Number of protein chains: 2
Amino acid sequence: MKKKAVINNTPACQVRMQAISDTMSILSGKWKFHILGTLIEGDKFGFMDLMREIDGIGNKMLSKELQDLELNHLVSRTVMNTKPITVEYAITEYGATLSPVINELAKWGIEYRQSVHGAK
Amino acid sequence: MKKKAVINNTPACQVRMQAISDTMSILSGKWKFHILGTLIEGDKFGFMDLMREIDGIGNKMLSKELQDLELNHLVSRTVMNTKPITVEYAITEYGATLSPVINELAKWGIEYRQSVHGAK
DNA sequence: GAAAGTACTATCCATTAGGAAACTATCCTT
DNA sequence: AAGGATAGTTTCCTAATGGATAGTACTTTC
């Protein structure tokens with residue numbers, strides 16, 4: 001019997017799978033979506049603001065994740081020369097292109113909750 | 001100075017963040033999106049088909065992830081009583097509701113590739 | 001001058017994720 | 001009887017994730 005051929009090895013599928021890998025590697029970790037979601041909702045946030053907004057995150061994680069996001073140009077970091085030095089984090093124009101992704105994720109999660117609580 | 005109030009603690013934001021957590025906890029791990037993406041593209045797949053389709057995955061991981069997905073009713077598993085026993089994995093109707101999420105993820109990843117290769 | 005707020009960094013530690021390899025078990029073909 | 005296909009499970013090991021705690025450094029307020 002001939003070995004069954006691979007089905008989805010068309011260029012389109014390869015590209016699609018690669019794209020999903022890319023996105024997920026950039027957005028990996030427990031907190032990236034929370035941070036981006038928060039930043040998209042608001043305007044500018046200080047480090048401590050984000051600590052308060054994102055329930056449960058520790059300062060090490062927040063710091064590390066923000067650096068990751070900054071490296072990928074999804075988040076901007078601006079040091080203000082205020083009295084006690086403050087830093088302003090904001091979503092970049094590029095980071096804002098993730099809105100549809102995050103919205104779909106949130107939408108699905110909400111429907112998931114309903115399907116679990118409701119008819120099941 | 002009064003402590004700055006938390007900004008995004010409106011019910012809508014809470015629900016949104018909770019929803020993102022829910023979705024990501026169900027879709028956690030390195031392979032879930034790949035498996036779902038593959039299953040959505042095709043019709044029915046045997047275990048070995050999936051091994052061949054999903055480049056790099058090991059049998060332990062595939063087995064574990066499929067069990068997870070089955071538990072959450074995203075994937076169906078049907079044992080066929082064929083000569084050498086075969087199993088058919090397919091996306092469920094419910095699992096198919098993840099298409100928009102996966103499509104947005106893939107779309108963003110493709111644009112990301114272009115922005116890195118192109119103007120930057 | 002002590003406390004408290006700003007923004008972190010560094011260290012330690014435990015859990016988890018995930019890869020490699022070997023193994024079980026059944027069936028068909030040669 | 002051997003080889004290869006089906007579909008996994010089990011064991012072992014390492015690397016990454018991420019939480020808790022403490023410390024740095026500067027400034028303002030009490």
Side-chain angles (χ1 to χ4, degrees), chain A residues 1-7 17 20-21 24-36 38-39 44-72 75-90, chain B residues 1-7 17 20-21 24-36 38-39 44-72 75-90:
Chain A
M1 191 198 287
K2 245 188 350 192
K3 190 183 275 186
K4 196 168 181 181
V6 173
I7 298 160
M17 288 303 153
I20 291 173
S21 291
M24 292 316 293
S25 76
I26 290 167
L27 268 27
S28 67
K30 193 175 171 182
W31 301 106
K32 297 251 170 58
F33 282 106
H34 282 86
I35 296 172
L36 290 170
T38 303
L39 253 23
K44 294 185 171 300
F45 293 85
F47 189 84
M48 284 301 153
D49 293 338
L50 288 171
M51 285 287 288
R52 283 185 284 266
E53 294 292 335
I54 301 166
D55 196 51
I57 198 170
N59 42 12
K60 187 187 82 169
M61 276 300 120
L62 182 54
S63 173
K64 207 211 85 194
E65 299 294 63
L66 283 170
Q67 280 171 25
D68 276 14
L69 294 170
E70 202 198 339
L71 265 175
N72 286 310
V75 163
S76 68
R77 178 180 186 273
T78 315
V79 180
M80 313 300 287
N81 67 339
T82 45
K83 333 62 177 296
I85 195 169
T86 53
V87 180
E88 280 183 354
Y89 291 97
Chain B
M1 193 200 286
K2 242 184 2 189
K3 191 184 273 185
K4 196 168 180 182
V6 173
I7 298 159
M17 289 302 153
I20 291 173
S21 291
M24 292 316 293
S25 77
I26 291 167
L27 268 26
S28 67
K30 192 175 170 180
W31 299 106
K32 297 251 169 58
F33 283 107
H34 281 87
I35 296 172
L36 291 169
T38 302
L39 253 24
K44 294 186 170 299
F45 293 84
F47 189 84
M48 283 301 153
D49 293 337
L50 287 173
M51 286 288 287
R52 284 185 284 266
E53 295 292 336
I54 302 166
D55 195 51
I57 198 169
N59 43 12
K60 188 188 81 169
M61 274 301 121
L62 181 55
S63 174
K64 206 211 85 194
E65 298 293 64
L66 283 170
Q67 280 171 24
D68 276 14
L69 294 171
E70 202 197 341
L71 267 176
N72 286 310
V75 162
S76 67
R77 178 181 186 273
T78 316
V79 179
M80 312 301 287
N81 67 339
T82 45
K83 333 61 177 290
I85 194 170
T86 52
V87 179
E88 280 183 354
Y89 291 96

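Hydrogens, waters and symmetry mates are skipped; everything else that's a heavy atom, side chains included, is used. All figures in this text were calculated on a predicted structure; none of them were measured in a lab. Protein chains get the first letters and strands the later ones, always in sequence-line order, with residue 1 at the start of each.
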>> As a quick check of understanding, evaluate side-chain contact (heavy atoms from CB on, under 4.5 Å) for Leu69(B) and Leu39(B), giving each step before the final call.
In response: CA-CA 11 Å; Leu69(B) 294 171; Leu39(B) 253 24; 5.6 Å; no
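Met61(A) places its CE atom 17 Å from the C1' atom of dA7(C), with the value rounded to the nearest Å. Taking atom CE of Met51(A) as the reference point, atom C1' of dT21(D) lies 13 Å away to the nearest angstrom. With rounding to whole Å, Asp68(B) atom CG is found 14 Å from dT16(C) atom P. Atom CG of Leu66(B) is separated from atom P of dG18(C) by 14 Å (rounded to the nearest Å). In this entry the distance linking CD1 of Ile85(A) with P of dA4(C) reads 22 Å, nearest Å.
Here Tyr89(B) does not reach the OP1 or OP2 of dT6(D): none of its side-chain N or O atoms lies under 4.0 Å away. For the pair Lys64(B) and dG8(D), the criterion of a side-chain N or O lying under 4.0 Å from OP1 or OP2 is not met. Between Arg52(B) and the phosphate of dT6(D), there is a side-chain N or O to OP1/OP2 separation shorter than 4.0 Å. Regarding contacts with the backbone of dG8(D), every side-chain N or O of Gln67(B) stays at 4.0 angstrom or more from both OP1 and OP2. Between Ser63(B) and the phosphate of dT9(D), there is a side-chain N or O to OP1/OP2 separation shorter than 4.0 Å.
The listed nucleotides are dG19(D), dT6(C), dT6(D); the one nearest the side chain of Pro84(B) is dT6(D). When each of dG8(D), dG19(D), dG19(C) is scored by its nearest atom to the side-chain atoms of Phe47(B), the top-ranked nucleotide is dG8(D).
Residue contacts shown for Gly56(B) are absent, as no nucleic acid heavy atom lies under 4.0 Å away.
Heavy-atom nearest nucleotides on DNA chain C were determined for Thr82(B) and for Ile57(B), and the one closer to the 5' end corresponds to Ile57(B). Nearest-nucleotide assignment on DNA chain C puts the 5′-proximal partner with Glu88(A), out of Glu88(A) and Lys60(A).
At a threshold of 4.5 Å between non-hydrogen side-chain atoms, the residues Tyr89(B) and Asp49(B) do not count as touching. Using a 4.5 Å heavy-atom cutoff, the side chains of Phe47(A) and Val87(A) are not in contact. Side-chain contact between Ser76(A) and Glu88(A): absent, with no pair of heavy atoms (C-beta onward) separated by less than 4.5 Å.
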Just the atom pairs and distances: protein N or O near nucleotides 23-25 of chain C's N or O, under 3.5 Å.
none

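Atom CG in Leu66(B) sits 10.0 Å away from atom NZ in Lys32(B) (nearest 0.5 Å). Ser28(B) contributes atom OG, which lies 7.0 Å from atom CD of Glu65(B) (distance to the nearest 0.5 angstrom). Taking NZ of Lys30(B) as the reference point, atom CD1 of Ile35(B) lies at 12.0 Å (rounded to 0.5 Å).
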